[in-house]
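Labels below follow one simple rule: chain letters A, B, ... track the order of the sequence lines, proteins then strands, and each chain is numbered from 1.
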Amino acid sequence: MKEQLHELKEQVIAKIKDSQTIKELNDVRVAYLGKKGPITDLLKGMGKLPAEERPKMGALVNEIRESVTGILEERKETLEQQAIQEQLEKESIDVTLPGRPVELGNHHPLTRVVEEIEDFFISMGYEIAEGPEVEKDYYNFEALNLPKGHPARDMQDSFYITEDILLRTHTSPVQARTMEAKDGAAIKIICPGKVYRRDSDDATHSHQFTQIEGLVVGENIRMSDLKGTLDLLAKKLFGADREIRLRPSFFPFTEPSVEMDISCFKCGGSGCNVCKKTGWIEILGAGMVHPNVLKMAGYNPEEVTGFAFGMGPERIAMLKYGVEDIRHFYTNDIRFISQFHRAEA
Amino acid sequence: MLVSTNWLSKYVDWNELSVEELAEKITRAGIEVDGIIDRSFGMDNIVIGYVTDCVKHPEADKLHICQVDVGGEITQIICGAPNIAAGQKVIVARPGAVLPGGMKIKKAKLRGEESNGMICSLQELGIEGKVVPKAYAEGIYVLPNDVQAGESALTHLGLYDQVMEFDLTPNRSDALSMLGVAYEVGAILSKDIKLPAISFEESSEKAQDYLKLAVEAQEDNPMYIAKVVKNVKVAESPQWLQNTLMSAGIRPHNNIVDITNYVLLEYGQPLHAFDYDRLETKEIVVRHAREGEKIVTLDQAERTLNGHQLVITNGVEPVALAGVMGGANSEVHEGTATVVIESAYFAPSSVRRTSKEVGLRSDASTRFEKGVDPNRVAEAAERAAQLMAELAGGEVLEGSVQFDELDKTAERIILSPDYVNNRLGMKIPMDEMKSIMDRLQIPTEAINGQLVMDIPTRRQDLRIKEDIIEEIARLYGYDEIPKTLPVVESTPGGLTPYQAKRRIVRRFLEAAGLSQALTYSLASPKDAQAFALETAPVTELLMPMSEERSVLRQSLIPHLLDAATYNTARRNESVALYETGSVFLGIEEDGLPKEVEHVAAVLTGKWVHHAWQGETKKVDFFVMKGIVEGLFEQLGLLERIQFTKATVEGMHPGRTATVWLGDQAVGMLGQVHPTVQNQRDLQETYVMEMNLRVIMETAAEELFYEPVPRYPSISRDIALVVDRDTSAANLQAIILQAGGKLLKTVQLFDLYEGKNVEEGKKSLAFSLTYFDPERTLTDEEVVNAHKKVLDALTVQANAQLRS
Ligand SMILES: [Zn+2]
């Protein structure tokens, strides 16, 4: 019986080792270790043995059973590993295939520029003021020190609706309206919006374009405040290492009037095609609010002063992103609009 | 304004700087120098040649074989100019020369004949054709006989000169003259300037005995001076004068006309020269034209005048359009012996109006329009008389004929240094301010701590204290102004709720996959009201530039459709665009149109597109509707909107809905009518437009947290068959009402028509969720509630339940 047992053990171990799948292995288990298997039979047949041999044989059977079970478990582990391995191999994919795109829309590049400027000034305590695009001649011109007959307000240059109503030529009428409405109180506003000029559309002109202007009015507002404000703006828009310079200029609604240049962000000032070899790029116009403008709005220019500035988001976007034709902003070619949504820094 | 730096040296010494440095200083001080033109263009080997012999080329009709003395050497040059002749002094580009156009001069053979250089026109030396004297405009330039062969032609033509191009702001008309520029440069460099010295002998005869003057239109012509110069010899001007005019962009004509132009450039005072004998009446009358009166101006154009245009007449007929252009009938010509020099002050508004009406802008009118210096009117006439004596051999008659009611007094401005410093944010000492005024040659005194300035009339742009602040700041240097930030009552700043919602709308639509478009507010009349949610009288431009952009839009959709067509025509086949912008409706009480902000969108092509995994879906009504619903959800208004079927012109009659916010129609969405799609070259296209103003002005539902459920919910599905025209919204409303408070949500999850469903019917399936936040529901409660729903559907919607 001892020999029988050992033979059986060898037989089972061989079967286990031959099993190639979990199922085969299970069949072996059922066949040899199951209730109808030979080991169970052997155990059942123990009653026929002399009483003194029973414990020895019982121990032997158990030992064999344990050892076979152990080998079986080991084999099972191996086969399971193999199965997982095979499955993983089957599931393997080409990770270089393109992902499913997240279909986001983009905001317009001009919105990007305008909102960046708005947010910058909001952080400095400014409010956003808006006004009508169709304006009275009074707010568009007269209140801004451009009386009737002034050469700068040629009918040819503006889209008039009637003699007294026109499409605003700048966002400055919003400043005039705000000053009038504030009735002598201090002001810190930014005015973005669409404006219109009677120009033929070409690479650098558009009959409709956008503007963003700023106005600060209060006691003791100085030109140095304008310079400090514009310096921060230039650094925000074009990089922390930008320098600014002011050049005298002329606008009817400011006195003194200046134009602001920034050191070229492309060459840093050594001269290149962006700055036309000068190292400087003209960005915006500004000045101290003309006393006549303050007076028209009900402020006393002896006591209250202010500064104003204005710029064109198209120009800023063209400079920042190298856009060569202003008409791109209005043709809405998806290949153009879709390029301006990502982070810049 | 073109400023020759050679000419400028006559008045102010700037030569310790390079031209580039000078230009930079001028720019930084306020007059932008747009460019510097080197008139020599780096040319070399350009000499004066003497044509000793000139014969026709045997092989070519238009060519001549010339023997040219180029200074100690005679060389053969072939010349094709029609006006070449023996005995001329000409400009010769010798082999090795490079002309401004890039042409390199080499020895060559022309039709078998050797040519050692080129005889040049002025154009070939880089001078603009319109300033080349007429006599030489079509051929080579011929120099006067007294020049020496072999010498540099460039020197003789004054081309070793650099010209600055000024881009003047409208206020700086003082710099429309060389003297004005000299004052400016003198102030910048702290240099004195040299004014022209005027002296000449006067004849014993008096101008008054030759000419009578009557100014009838005194308001438009407050000052008029006429001087008479007799025995002039009209001829070509000396070379220096011609060179000077050409450097300033003015074509030389003859010595008399050239002198008036020279003085115009020097003083900024336009002058006119009449042929005295052609005036006939010996009288000058300045008056307004008679309605319909005619004049032939110097450009040979006949012009019909109106009653407010100012004319100079000989008492009978106009001889000049005042301040704009002279008349052909009194023009100085070769035979002119006696000249009348006119120097006047014409009112800027009068000249501006006339110049615009007749469509003529001249060097004279641009200066009169800005207002000339009242104190230079007389001096300029004297200067011209002097030059006519010197350069045309004229005899200047004693005195002048004049009318003068012009105010020439200096404006006084009084200013305290504090006023300046408080506005600049600086601490410039008073001495420094006075010294800047001295540099500007503005007479200034410091009295009791105040600066008292008498502003010379040449600086008409200086009127108020702030103008002086600018003068001080620009000459002190804007670089010296410190950088500070404004200190005002602190305001919180920020966006208004309306503005914040606008950003929410934009971000939502972008997150939903739409890109922001920006289109024009001006539209064609045919598009103005197409698709409009609301129409009102159209706002039209008085003077549109084109029909296409002649009125203000009342809907954003037409231009968005244009954008869609533009893109699909360029193979951007899937278009998803939105725009926020104003529409313009009728006229309000204040005379302005009502501007209402709208939002609109257009979708065409594919919505989901991920080809290699086979996921692709075309846009349809429900894509657009989902976007609209999502937008209202973002704005906290989803509970308050409803969609009803609508008929809108240009839209698909079966696939268009009105959007209701409460009981107000606020928008529309749907498919564009197939006919319109075809007209616009579009595939299936969906649009929406909503009145964004009304929507954003509607306050959102208050945002309160709803507890996350602690008890399970129970779901029951219903499948039913109803008439095809029963709306899903109606069924949903019946279900919600019947389900009572335990019914939390109703969701449609299947819709079917066709096989197995009776004709004219459709099958829908809803999933209903029952839930009580306080406890777990019993089966019985759900069965009861659900039964009520089924009954209601059967009774109210005639629904058959499907198992
Ligand atoms: Zn650069």
Side-chain angles (χ1 to χ4, degrees), chain A residues 97 100-101 103-108 110-111 122 124-128 132-134 136 149 151-152 159-161 164-165 186 188 194 198 200 207-208 216 218 220-225 227-229 231 245-250 255-256 258 288 290-291 305 329-335 337-338, chain B residues 27-30 169-171 349 352 422-425 464 466-467 469-470 473-474 478-479 481-486 488-495 499 506 509-511 513-521 539 541-542 545 549 563 566-567 570 572 575-577 582 584 591-593 595 610:
Chain A
L97 280 167
R100 189 182 192 289
E103 305 276 1
L104 287 179
N106 306 297
H107 45 254
H108 194 278
L110 294 178
T111 301
I122 285 170
M124 303 215 298
Y126 287 64
E127 286 166 3
I128 310 295
E133 292 169 34
V134 182
K136 294 181 178 180
F159 288 118
Y160 275 87
I161 307 287
D164 292 313
I165 292 171
K188 262 169 100 178
K194 292 172 189 163
R198 215 167 165 283
S200 297
H207 76 277
Q208 175 180 321
V216 175
N220 201 30
I221 298 297
R222 304 155 301 172
M223 193 125 190
S224 57
D225 299 330
K227 192 173 173 184
T229 303
D231 185 57
R245 71 173 194 186
L246 303 181
R247 275 183 297 110
S249 188
F250 173 76
E255 188 67 43
V258 290
M288 300 301 291
H290 196 289
T305 51
F329 295 113
Y330 296 93
T331 41
N332 301 301
D333 191 317
I334 289 166
R335 296 165 298 180
I337 306 178
S338 61
Chain B
T27 297
R28 294 303 312 278
T169 51
N171 59 325
S349 56
R352 188 181 310 132
N422 288 342
R423 275 156 184 76
L424 292 177
I464 58 172
E466 281 69 16
D467 296 326
I469 295 177
E470 179 163 64
R474 73 185 182 95
Y478 279 117
D479 289 348
I481 298 183
K483 292 171 192 162
T484 59
L485 287 176
V488 292
E489 274 171 66
S490 84
T491 46
L495 298 170
Q499 291 163 346
R506 287 178 177 169
L509 292 171
E510 286 152 16
L514 282 70
S515 286
Q516 188 188 14
L518 193 50
T519 67
Y520 296 133
S521 303
T539 309
L541 297 182
L542 274 184
M545 295 181 76
R549 299 195 188 116
Y566 179 95
N567 276 292
R570 283 159 185 76
N572 306 328
V575 178
L577 292 172
S582 289
F584 304 83
L592 300 178
E595 286 183 32
H610 182 47

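Side-chain N or O atoms of Gln208(A) include one that pairs as donor or acceptor with a backbone N or O of Ser521(B) at under 3.5 Å.
For the residue pair Lys188(A) and Val488(B), the shortest heavy atom distance occurs at CD-CG2, 3.3 Å. The two residues Asp333(A) and Arg570(B) make their nearest non-hydrogen contact at OD2-CD, 3.9 Å. Residues Leu592(B) and Pro132(A) share a closest heavy-atom pair of CD1-CG, 4.4 Å. In terms of heavy-atom proximity, Pro486(B) sits nearest to Ile221(A) at CB-CD1, 3.9 Å. Of all heavy-atom pairs spanning Gly228(A) and Leu485(B), the tightest one is C-CD2, 3.9 Å. Arg28(B) approaches Leu246(A) most closely through the heavy-atom pair NH2-O, 3.3 Å.
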Checklist entry - Stepwise, does the side chain to side chain contact (heavy atoms under 4.5 Å, CB included) test hold for Tyr160(A) with Leu541(B)? => result CA-CA 6 Å; Tyr160(A) 275 87; Leu541(B) 297 182; over 6 Å; no

Next on the checklist: Using side chain to side chain contact (heavy atoms under 4.5 Å, CB included), reason through Ile337(A) and Leu577(B) one step at a time and then give a plain yes or no.
Outcome noted: CA-CA 10 Å; Ile337(A) 306 178; Leu577(B) 292 172; 4.2 Å; yes

Item to check | Derivation and outcome, side chain to side chain contact (heavy atoms under 4.5 Å, CB included), residues Tyr566(B) and Thr331(A) | outcome: CA-CA 8 Å; Tyr566(B) 179 95; Thr331(A) 41; 4.1 Å; yes

Next on the checklist: Applying side chain to side chain contact (heavy atoms under 4.5 Å, CB included) to Arg423(B) and Met223(A), what does each step give before you reach the verdict?
Outcome noted: CA-CA 6 Å; Arg423(B) 275 156 184 76; Met223(A) 193 125 190; over 6 Å; no

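Both the backbone and the side chain of Ala517(B) come within less than 4.5 Å of a heavy atom in chain A. Both the backbone and the side chain of Thr519(B) come within contact range of chain A, each with at least one heavy atom under 4.5 Å from a heavy atom of that chain. At a 4.5 Å heavy-atom cutoff, the contact between Val134(A) and chain B is made by backbone and side-chain atoms alike. In this structure, chain B has no heavy atom under 4.5 Å from any part of Ser338(A). Only the side chain of Arg352(B) comes within contact range of chain A, with heavy atoms under 4.5 Å apart.
When the candidates Ser515(B), Ser582(B), Gly591(B) are compared by the number of heavy-atom contacts under 4.5 Å with chain A, Ser515(B) comes out ahead. The most heavy-atom pairs under 4.5 Å with chain B, out of Ile128(A), Ile165(A), Val216(A), come from Ile128(A). With respect to chain A, the highest number of heavy-atom pairs below 4.5 Å among Ser349(B), Ala563(B), Ala473(B), Ala29(B) belongs to Ala29(B). Your options are Thr169(B), Ile481(B), Leu518(B), and the one with the most heavy-atom pairs under 4.5 Å with chain A is Leu518(B). For the set Gly125(A), Ala186(A), Ser249(A), the count of heavy-atom pairs under 4.5 angstrom toward chain B peaks at Gly125(A). When the candidates Glu133(A), Glu103(A), Arg247(A) are compared by the number of heavy-atom contacts under 4.5 Å with chain B, Glu133(A) comes out ahead. Taking His290(A), Met124(A), Lys136(A) one by one and counting their heavy-atom pairs under 4.5 Å with chain B, the maximum is reached by Lys136(A).
Here the side chains of Pro482(B) and Lys227(A) are not in contact, with every heavy-atom distance at 4.5 Å or above. With contacts defined as side-chain heavy-atom distances shorter than 4.5 Å, the pair Asn567(B)/Arg335(A) does not qualify. With contacts defined as side-chain heavy-atom distances shorter than 4.5 Å, the pair Ile334(A)/Asn572(B) qualifies. Inter-residue side-chain proximity for Thr484(B) and Arg222(A) is flagged as met; some heavy-atom pair is nearer than 4.5 Å. Between Ser224(A) and Lys483(B) there is no side-chain heavy-atom pair separated by less than 4.5 Å. Residues Met545(B) and Arg198(A) meet the side-chain proximity criterion, which asks for heavy atoms closer than 4.5 Å. In this structure the side chain of Leu424(B) never reaches within 4.5 angstrom of the side chain of Met288(A), judged on heavy atoms. Within the 4.5 Å cutoff, the side chain of Pro291(A) has heavy atoms near those of the Glu466(B) side chain.
When the options Thr111(A), Asn106(A), Asn332(A) are evaluated for a side chain to side chain donor-acceptor pair (under 3.5 Å) with Gln516(B), the one that passes is Thr111(A).
One finds the CZ atom of Arg506(B) at 10.5 Å from the NE2 atom of His108(A) (value rounded to the nearest 0.5 Å).
Between Tyr520(B) and Tyr330(A), the ring planes lie parallel to each other; the angle is under 30°, not in the 30° to 60° tilted range.
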